[in-house]
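Have a look at the structure below before the remarks.
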Protein chains: 2
Amino acid sequence: MEDPGRPPIILRPIGVIRSPHRTPAGTPIQPAYADEAEGEVVVDEPFERALDDIEGFERVWLVYWFDRAGPFAPHVVPYRDTREHGVFATRAPNRPNPIGLSVVRLLGRDGRVLHVSGIDVLDGTPLLDIKPYVAEFDAHPVSKAGWLDDRREDRRVADDRFHGAGKT
Amino acid sequence: MEDPGRPPIILRPIGVIRSPHRTPAGTPIQPAYADEAEGEVVVDEPFERALDDIEGFERVWLVYWFDRAGPFAPHVVPYRDTREHGVFATRAPNRPNPIGLSVVRLLGRDGRVLHVSGIDVLDGTPLLDIKPYVAEFDAHPVSKAGWLDDRREDRRVADDRFHGAGKT
């Protein structure tokens, strides 16, 4: 069973993500399919200075909490396939620690607000961290992607399969 | 000050990262500079099945906890420059929520152990999540990288500037 020796970790959200996506159904499943969607990343006042110089980056990583995800499910049927896969082999939200990760385009900064596009995150999602996207570190354009390379579905927007409690 | 309305979030590490890097000083600052370094990602038993089908991916994201980072610092002098920048414009660990993110090459899986290379993480680091690297979502090879594009330092290994308490 779960290792009782691992102490819990306490996070405090640093702000909130604002987007046009109010419900899981219809939300793009990845920023790559959300080019038109604009949103705002609002950090709380104690963290405003930590944004300094972010304006120079074309893209940023948003690290956030899937606050409306269903419970952990070891296996899921992801949007892009019709078969089950281990949840760590998918980007589905039903993870042991439901931490989300999306790269968005940075349009500009206004104090403690970042204006972004290509957002696939639900409105009101708690923000945990922001990191600059650095192609030298993060871009591996040729990288084999397992079942996704052989996928049976080309779905680009979500339904509600991962969000109701016990809906997995 | 910090928004008192944001409830805390409790995480439970799902395993541990094993690497040859025992101290911050000398550790590669990014996986891109750690090609030779091999390590193991060990998930706890309740999460073993969630790894199913991960073998097909060439790279995976490790999401982890910077357990030896110093306290939050709004501004830091990153390894790749000689000037201060906001911490959200850097990959330094002194973040409000010290969540780390590294893409590593997946060499193979043995039950609940992933063998990986290109690891820039300290030995014993608590693991929070594993996600498949999907070039279609994650690779933006041409993406302007602010101060990093004009950097004054080409340092590729760490010193201890971010790890002692108050060492910022």
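Naming convention: chains lettered A, B, ... in sequence-line order (proteins, then strands); numbering from 1 in each chain. Computed from a predicted model, the values in this text were never measured in an experiment.
A/Phe66 and B/Trp65 are assigned to two separate hydrophobic clusters, defined by single-linkage of ILVMFWY side chains at heavy-atom distances under 4.5 Å. Tracing side-chain contacts under 4.5 Å through hydrophobic residues (I, L, V, M, F, W, Y), one never reaches A/Phe137 starting from B/Leu101; they form parts of separate clusters. A single hydrophobic cluster is not seen to contain both A/Val87 and B/Leu128; linkage of ILVMFWY side chains at heavy-atom distances under 4.5 Å, directly or through other members, places them apart. Connection of A/Leu122 to A/Val76 is not established within any shared hydrophobic cluster, with ILVMFWY side chains joined at heavy-atom distances below 4.5 Å, either directly or through further cluster members. Cluster annotation: B/Ile14 is not connected to A/Val63 through the hydrophobic network of ILVMFWY side chains, with a link wherever side-chain heavy atoms come within less than 4.5 Å.
Along residues 103-116 of chain A, the residues that come nearer than 4.5 angstrom to chain B, judged on non-hydrogen atoms, are A/Val103 in order of number.
Taking the side chain as every heavy atom from C-beta outward, A/Asp138 and B/Trp61 approach each other to under 4.5 Å. Residues A/Pro132 and B/Leu148 fail the side-chain proximity criterion, which asks for heavy atoms closer than 4.5 Å. Under the 4.5 Å side-chain criterion, counting only non-hydrogen atoms from C-beta, A/Phe57 is not in contact with B/Lys144. Looking only at side-chain heavy atoms (C-beta outward), A/Val41 and B/Phe88 stay at 4.5 Å or farther from each other. In this structure, A/Ile10 and B/Ile9 have side chains that are not in contact, with every pair of non-hydrogen atoms separated by 4.5 Å or more.
Of all the listed residues (B/Gly56, B/Gly146, B/Ala50), the one sharing the greatest number of non-hydrogen pairs under 4.5 Å with chain A is B/Ala50. Chain A forms the most heavy-atom pairs under 4.5 Å with one residue out of B/Glu55, B/His140, B/Arg91, and that residue is B/His140. The candidate from A/Asp149, A/Ile54, A/Asp67 with the greatest count of non-hydrogen atom pairs under 4.5 Å with chain B is A/Ile54.
When all heavy atoms of B/Phe72 and A/Pro46 are compared, the pair lying nearest together is CE2-O, 4.2 Å. Closest approach of A/Tyr133 to B/Ala145, counting heavy atoms only: O-CB, 4.4 Å. In terms of heavy atoms, B/Ala135 sits closest to A/Pro141 at CB-O, 3.4 Å. When all heavy atoms of B/Pro13 and A/Pro7 are compared, the pair lying nearest together is CD-O, 3.4 Å. Heavy-atom minimum distance, B/Arg12 versus A/Arg6: NH1-O, 3.2 Å.
For B/Asp129, the salt bridge (Lys or Arg N to Asp or Glu O under 4.0 Å) partners two or more places apart in sequence, or in a different chain, are A/Arg95, B/Lys131. Taking A/Ser19 as the reference, nothing meets the side-chain hydrogen bond (donor to acceptor under 3.5 Å, both in side chains) condition, with sequence neighbours excluded. Under the rule for a side-chain hydrogen bond (donor to acceptor under 3.5 Å, both in side chains), B/Asn97 has no partner lying at least two apart in sequence or in another chain.
In this structure, chain A has no heavy atom under 4.5 Å from any part of B/Glu48. In this structure, the portion of B/Thr90 lying under 4.5 Å from any heavy atom of chain A is its backbone and not its side chain. Using a 4.5 Å cut-off between heavy atoms, A/Val134 touches chain B through backbone and side chain atoms alike. Both the backbone and the side chain of B/Val16 come within less than 4.5 Å of a heavy atom in chain A.
Taking CG from A/Leu11 and CG from B/Leu11, the interatomic distance works out to 4.0 Å, rounded to the nearest 0.5 Å. To the nearest 0.5 Å, atom OH of residue A/Tyr64 and atom CD1 of residue B/Ile99 are 12.5 Å apart. Rounding to the nearest 0.5 Å gives a distance of 9.0 Å between CH2 of B/Trp147 and CG of A/Asp53.
Between the side chains of A/His85 and B/Asp52, no donor-acceptor pair is found at a separation under 3.5 Å.
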